Amino acid sequence: MLTSKRTAAIIVAAGRGLRAGAGGPKQYRTIGGRTVISRAMEAFCQHPDVFAVQPVLNPDDLSMFNQAVAGFRYREPANGGATRQASVRAGLEALAADAPDIVLIHDAARPFVTPALITRAIDAADKAGAAVPAIPVTDTIKQVDASGAVNATPDRAKLRIAQTPQAFHFDMILDAHRRAAREGRDDFTDDAALAEWVGLTVATFEGDAANMKLTTPEDFVREEARLAASLGDIRTGTGYDVHAFGDGDHLMLCGLKVPHNRGFLAHSDGDVGLHALVDAILGALADGDIGSHFPPSDPQWKGAASDKFLKYAIDKVTARGGRIANLEVTMICQQPKIGPLRDQMRARISDITGVAISRIAVKATTSERLGFTGREEGIAATASATVRLPWNDKGWGT
């Protein structure tokens with residue numbers, strides 16, 4: 001970084017995304033197992049040189065937004081307008097009381113923005129006052145008339161594809177938006193065009209070809225395939241856990257409190273299903289087992305809820321750039337009956353992990369009255385997890 005100036009980011013997410021087809025606003029659809037807006041906001045929320053992230057939303061989307069970005073740091077969302085230009089102005093006005101020196105304006109439909117691109121944007125705005133990321137045009141471009149006939153072939157060496165985040169000195173772009181509003185101009189397709197209109201010189205800086213905007217259904221299909229191809233290291237892990245019965249009136253099973261005439265003898269809550277899943281995920285990562293991460297000798301885990309352990313294992317996968325492809329757990333017991341609770345257990349595991357319920361299986365079997373489970377002295381569980389990680393020559397996800 002070359003500047004110590006205060007930088008804020010506006011994430012424009014009020015559009016309806018009709019060209020993306022059915023399925024609701026495109027910024028709340030998932031790609032690579034995560035919502036588009038979550039991916040778009042993450043890099044700004046975590047960037048050390050961005051002190052404030054200002055989302056701009058359609059107020060009807062607030063519930064979806066809150067769910068998608070839970071855990072991120074950001075300012076209270078501003079309500080967007082009828083056009084992108086109006087929405088950007090709403091974000092600028094929301095920041096005006098605590099005006100930054102530099103503002104980055106980014107479309108929520110560009111989910112693959114990187115920290116490096118954000119850093120380049122800040123540096124470019126500091127130097128030039130107004131700057132946009134741009135990438136060269138590689139195809140020949142034709143200019144056509146109303147009938148579709150070619151009437152010019154621009155020199156592609158002079159053409160660039162503009163992206164976001166576009167970066168500006170805050171006071172300059174706020175003044176430009178206010179002037180456009182006063183003069184009834186609401187037809188600018190990006191903020192650089194508005195800046196040009198008021199006479200500002202807009203510089204360019206190196207963009208990123210992967211920082212594409214999702215517009216059509218085909219864009220989603222292509223990017224899903226690209227993300228899947230990048231996760232070529234497919235791992236499978238297995239887990240096993242068992243707990244004996246003791247005094248009590250309920251059992252914790254796959255995150256559910258199940259009424260029973262016994263309880264578990266365990267250091268934590270004894271949830272054999274979740275414990276087996278944790279071991280399966282850690283096994284897929286070749287990262288020890290549940291006991292090495294949460295030793296039963298450590299008093300802080302006494303009575304602990306096992307959903308904490310499962311969230312920890314999922315975070316391990318995320319930290320290595322991976323995704324969970326499938327989770328499966330099998331309960332081995334005579335009682336209680338698991339069948340009536342199966343879908344509730346799947347839903348609870350989905351809530352804990354963020355993995356789609358269609359990728360989660362819960363099964364049950366008895367041991368035909370044989371052994372400790374057959375004598376109803378306890379419950380056992382087995383589990384498997386399939387994890388996809390980025391491939392490299394060391395076999396470690398990055």
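What you are looking at is a predicted structure, and each value in this text was computed from that prediction instead of being measured. Quick note: numbers below take in every heavy atom, side chains included, and nothing from hydrogens, waters or symmetry partners.
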State yes or no: do [X] and [Y] share one hydrophobic cluster built from I, L, V, M, F, W and Y residues joined by side-chain heavy-atom distances below 4.5 Å, directly or via other members?
{"X": "L95", "Y": "V56", "value": "yes"}
{"X": "V53", "Y": "M64", "value": "yes"}
{"X": "V362", "Y": "V278", "value": "yes"}
{"X": "M172", "Y": "F170", "value": "no"}
{"X": "L274", "Y": "I360", "value": "yes"}

Where do [X] and [Y] come nearest, in terms of heavy atoms and distance?
{"X": "L253", "Y": "P336", "result": "CD1-CG, 3.8 Å"}
{"X": "N151", "Y": "V144", "result": "ND2-C, 3.8 Å"}
{"X": "T382", "Y": "I332", "result": "CG2-CD1, 4.3 Å"}
{"X": "R320", "Y": "P390", "result": "O-CD, 3.3 Å"}
{"X": "G207", "Y": "L117", "result": "CA-CD1, 4.1 Å"}
{"X": "G81", "Y": "S87", "result": "N-OG, 3.0 Å"}

Side chains of [X] and [Y]: donor-acceptor distance under 3.5 Å anywhere?
{"X": "Q163", "Y": "D208", "value": "no"}
{"X": "D175", "Y": "H177", "value": "no"}
{"X": "T119", "Y": "H47", "value": "yes"}
{"X": "T7", "Y": "D49", "value": "no"}

Side chains of [X] and [Y]: closer than 4.5 Å at any heavy-atom pair?
{"X": "L327", "Y": "I349", "result": "yes"}
{"X": "F294", "Y": "S268", "result": "no"}
{"X": "M331", "Y": "V272", "result": "yes"}
{"X": "D287", "Y": "H293", "result": "yes"}
{"X": "T386", "Y": "I234", "result": "yes"}
{"X": "F309", "Y": "D271", "result": "no"}
{"X": "D343", "Y": "M345", "result": "no"}
{"X": "I105", "Y": "F168", "result": "yes"}

Assess the residue pair I31 and E224 against the criterion (side-chain contact (heavy atoms from CB on, under 4.5 Å)); give the C-alpha distance rounded to whole Å, side-chain angles, the decisive distance to 0.1 Å, and a yes or no. CA-CA 6 Å; I31 187 164; E224 281 282 10; 3.9 Å; yes

Enter the distance from [X]:[atom1] to [Y]:[atom2] here, rounded to the nearest 0.5 Å.
{"X": "K337", "Y": "T366", "atom1": "NZ", "atom2": "OG1", "result": "7.5 Å"}
{"X": "R34", "Y": "T30", "atom1": "CZ", "atom2": "OG1", "result": "11.5 Å"}
{"X": "C254", "Y": "L341", "atom1": "SG", "atom2": "CG", "result": "9.5 Å"}
{"X": "T236", "Y": "E328", "atom1": "OG1", "atom2": "CD", "result": "11.0 Å"}
{"X": "D249", "Y": "N261", "atom1": "CG", "atom2": "CG", "result": "10.0 Å"}
{"X": "L174", "Y": "R89", "atom1": "CG", "atom2": "CZ", "result": "8.0 Å"}

With side-chain contact (heavy atoms from CB on, under 4.5 Å) as the test, would you mind laying out the steps for T114 and N211 before giving the verdict? CA-CA 8 Å; T114 64; N211 180 38; over 6 Å; no

Return yes if some donor-acceptor pair links the side-chain N/O of [X] with the main-chain N/O of [Y] below 3.5 Å, else return no.
{"X": "T164", "Y": "D107", "result": "yes"}
{"X": "T373", "Y": "C333", "result": "no"}
{"X": "S292", "Y": "G288", "result": "no"}
{"X": "R346", "Y": "I357", "result": "yes"}
{"X": "T353", "Y": "V355", "result": "yes"}
{"X": "D126", "Y": "I122", "result": "no"}
{"X": "R388", "Y": "L231", "result": "yes"}
{"X": "R323", "Y": "V387", "result": "no"}
{"X": "K26", "Y": "L214", "result": "yes"}
{"X": "H275", "Y": "V242", "result": "no"}

Please determine whether salt bridge (Lys or Arg N to Asp or Glu O under 4.0 Å) holds for the pair R262 and E376, giving the CA-CA distance in whole Å, both sets of side-chain angles, and the decisive distance to 0.1 Å. CA-CA 10 Å; R262 307 297 302 278; E376 299 189 34; over 6 Å; no

Crowded around D247 CG? As in, over 12 foreign heavy atoms under 6.0 Å? no

Would the number of heavy atoms belonging to other residues, nucleotides or ligands and lying under 6.0 Å from CD of Q67 be above 12? no

Those residues at least two apart in sequence (or on a different chain) that pass salt bridge (Lys or Arg N to Asp or Glu O under 4.0 Å) with D61 are R16

Check whether F112 forms a cation-pi arrangement with R39 (NZ or CZ under 6.0 Å from the six-membered ring centre, at most 45° off the ring normal). no

Quick check with a 6.0 Å cut-off and a 45 degree axis cone: is R6 positioned over the face of F51's six-membered ring? yes

Step by step, work out the side-chain contact (heavy atoms from CB on, under 4.5 Å) result for V12 and H106. CA-CA 6 Å; V12 188; H106 186 67; over 6 Å; no

Salt bridge between R120 and D123, side-chain N to carboxylate O under 4.0 Å? no

R84 with D191: basic N within carboxylate O range, under 4.0 Å: yes

Hey, do the aromatic rings of F72 and F65 have their centres closer than 6.0 Å? no

H260 and F245: aromatic ring centres closer than 6.0 Å? yes

Can D241 and D279 be said to form a side-chain contact (heavy atoms from CB on, under 4.5 Å), step by step? CA-CA 9 Å; D241 195 47; D279 259 355; 6.0 Å; no

With ring pair (Phe, Tyr, Trp, His ring centres under 6.0 Å) as the test, would you mind laying out the steps for Y74 and F44 before giving the verdict? CA-CA 9 Å; Y74 54 88; F44 295 94; over 10 Å; no

Go through it in stages, so that I can follow the logic: the residues are R185 and E183, the test is salt bridge (Lys or Arg N to Asp or Glu O under 4.0 Å), and I'd like the CA-CA distance, side-chain angles, deciding distance and then a yes or no. CA-CA 6 Å; R185 288 294 305 271; E183 299 187 19; over 6 Å; no

Give the C-alpha distance, both sets of side-chain angles, the deciding distance and a yes or no for side-chain hydrogen bond (donor to acceptor under 3.5 Å, both in side chains) between T83 and D186. CA-CA 8 Å; T83 63; D186 60 0; 5.7 Å; no

